[in-house]
Amino acid sequence: MSPLQLRHARKAARVTQQQAAARLGISQAYLALLETGRRRLTDRLALKIVNLYRLPPSALPLERAQA
């Protein structure tokens, strides 16, 4: 899943960056960096995102952004 797809998945789940970040235990700024591909997504965070956004298991592994 690319950073753009990550953003679209969040929007499809109808949650704001602030809401998603709070539920994921990260800052809104960090989530924004993930969605723009400027930070790498950890495996643990990827699992939380799949659950929060109700993505199918086939969404894993998520594509990792370049640092």
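Just so we're clear, the structure is a prediction, and the values are computed from it rather than from any experiment. The basis for the numbers below is simple: all heavy atoms, side chains too, and nothing from hydrogens, waters or symmetry mates.
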Atom pair NZ (Lys11) and NE2 (His8), whose distance is rounded to the nearest 0.5 Å: 7.0 Å
Pairwise distance CD1(Ile49) to CZ(Arg23) - rounded to 0.5 angstrom: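 Going from CD1 on Ile49 over to CZ on Arg23, the span is 13.5 Å.
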Grab the two heavy atoms, one from [X] and one from [Y], that are nearest each other, plus how far apart they are.
X: Ala20; Y: Leu31; result: CB-CD2, 3.7 Å
X: Val50; Y: Pro56; result: CG1-O, 4.3 Å
X: Tyr30; Y: Arg40; result: OH-O, 3.3 Å

Hydrophobic cluster membership, Leu33 vs Leu45, 4.5 Å side-chain cutoff: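 They do not share one cluster, since no chain of ILVMFWY contacts under 4.5 Å joins Leu33 to Leu45.
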hydrophobic_cluster_shared for Tyr53 and Leu47, side chain cutoff 4.5 Å: yes
Verdict with reasoning, Lys48 to Asn51, per side chain to side chain contact (heavy atoms under 4.5 Å, CB included): CA-CA 5 Å; Lys48 287 182 176 183; Asn51 290 327; 5.9 Å; no
Donor on one side chain, acceptor on other, Gln17 and Gln28, under 3.5 Å: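 Yes, because at least one side-chain N or O of Gln17 sits under 3.5 Å from a partner of the opposite role on Gln28.
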Glu35 side-chain N/O to Ala32 backbone N/O, donor-acceptor pair under 3.5 Å: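 Not a single qualifying donor-acceptor pair exists.
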Val15 backbone acceptor or donor facing Arg10 side chain under 3.5 Å: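 Side chain of Arg10 to backbone of Val15, a donor-acceptor pair under 3.5 Å: yes, one is there.
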